[in-house]
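Here the structure is laid out as structure tokens; the discussion comes afterwards.
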Amino acid sequence: MITHDVRLLRTGAGYALASSPTAALRNYVTRTHQIGDVQLSGVRDPDLRATAYELSCELVWNPASAPSNIGFELRREPQGGRHVAVGAFLNGPYAYVNRRPTVNPTGGESQTQIDPSTGRLAIRALVDRSSVEYFIDEGRHVHSHRVFPLPGDDHIRLFVNDGEATFRALTIRELKV
């Protein structure tokens with residue numbers, strides 16, 4: 001887990017605390033992959049292997065025909081069985097981190113309510129050798145989990161179930177750890 005910077009955000013409903021990875025994290029970026037906008041129905045496996053990285057984008061969908069589930073499989077094994085899933089289950093409706101498909105002894109899933117009628121969700125995920133942190137809606141909600149991937153679990157998968165969505169301004173920054 002990494003140190004967070006905490007700030008006060010002004011919202012339409014007043015003020016909210018928000019959290020983000022410390023700004024010093026930029027000193028550990030070794031390579032940046034500006035993937036851009038990815039429109040998707042189904043799955044896509046970027047040609048990228050990494051064990052420590054920051055992933056950011058805005059998930060965008062049509063609220064009138066929203067997909068059921070959109071997100072990423074992180075620290076994915078090459079054959080795809082083991083991974084940590086992060087995303088938005090729009091039928092829930094909630095954002096989540098699901099550790100069940102890993103070798104984690106406690107498994108489990110954490111959830112945060114979201115509003116799918118907005119048609120968008122800003123996300124940021126910080127991944128390293130033993131943790132996944134998921135920042136939702138400018139850091140107003142954060143999921144921090146220990147994970148236990150095997151050394152070769154270094155793949156990433158994008159997925160959209162039952163519909164279509166765009167991963168807007170998808171960027172992956174590899175980090176030295």
Do [X] and [Y] belong together in a cluster built from hydrophobic side chains that touch within less than 4.5 Å?
| X | Y | answer |
| --- | --- | --- |
| Leu150 | Val147 | no |
| Val60 | Ile35 | no |
| Val38 | Tyr53 | yes |

Under a 3.5 Å distance rule, please check whether Glu77 uses its side chain to pair with a backbone N or O of Arg82 as donor and acceptor. yes
Ser41 side-chain N/O to Gly163 backbone N/O, donor-acceptor pair under 3.5 Å: yes
Evaluate side chain to side chain contact (heavy atoms under 4.5 Å, CB included) for Val97 paired with Val84, printing each intermediate quantity in order. CA-CA 7 Å; Val97 174; Val84 176; 3.9 Å; yes
Which residues end up grouped with Tyr96 if you chain together Ile, Leu, Val, Met, Phe, Trp and Tyr wherever their side-chain heavy atoms are less than 4.5 Å apart? Val43, Phe89, Tyr94, Phe159
At their closest point, which heavy atom of [X] faces which heavy atom of [Y], and how far apart are they?
| X | Y | answer |
| --- | --- | --- |
| Pro78 | Asp153 | CD-OD1, 4.3 Å |
| Arg44 | Pro46 | O-CD, 3.4 Å |
| Ser68 | Asp162 | OG-OD2, 2.7 Å |
| His143 | Thr112 | NE2-OG1, 2.7 Å |
| Pro63 | Thr118 | CG-C, 4.3 Å |
| Ala88 | Leu121 | CB-CD2, 4.0 Å |

Does [X] [atom1] have over 12 foreign heavy atoms under 6.0 Å away?
| X | atom1 | result |
| --- | --- | --- |
| Arg100 | CZ | yes |
| Asp47 | CG | no |
| Arg49 | CZ | yes |

Below 4.5 Å, heavy atoms only, C-beta onward: do [X] and [Y] meet side chain to side chain?
| X | Y | result |
| --- | --- | --- |
| Ile123 | Tyr134 | yes |
| Pro149 | Thr102 | no |
| Leu175 | Val29 | yes |
| Thr32 | Thr171 | yes |

Of Val86, Leu126, Asp128, which meets side-chain contact (heavy atoms from CB on, under 4.5 Å) against Glu133? Leu126
Which value, rounded to the nearest 0.5 Å, describes the distance between [X] atom [atom1] and [Y] atom [atom2]?
| X | Y | atom1 | atom2 | result |
| --- | --- | --- | --- | --- |
| Arg99 | His145 | CZ | NE2 | 5.5 Å |
| His33 | Leu55 | NE2 | CG | 11.0 Å |
| Cys57 | Ile172 | SG | CD1 | 9.0 Å |
| Ile156 | Leu74 | CD1 | CG | 6.5 Å |
| Ile70 | Glu164 | CD1 | CD | 10.0 Å |
| Ile136 | Glu138 | CD1 | CD | 12.5 Å |

What residue pairs, at least two apart or across chains, pass side-chain hydrogen bond (donor to acceptor under 3.5 Å, both in side chains) with a residue in residues 58-67? Glu58-Arg120
Starting from the C-alpha separation in whole Å, work towards a yes-or-no answer on side chain to side chain contact (heavy atoms under 4.5 Å, CB included) for Phe72 and Leu170. CA-CA 12 Å; Phe72 298 89; Leu170 177 58; 4.0 Å; yes
Can you confirm whether the side chains of Gln39 and Thr166 place a donor and an acceptor under 3.5 Å from each other? no
For His155 and Glu73, does a side-chain donor sit closer than 3.5 Å to a side-chain acceptor? no
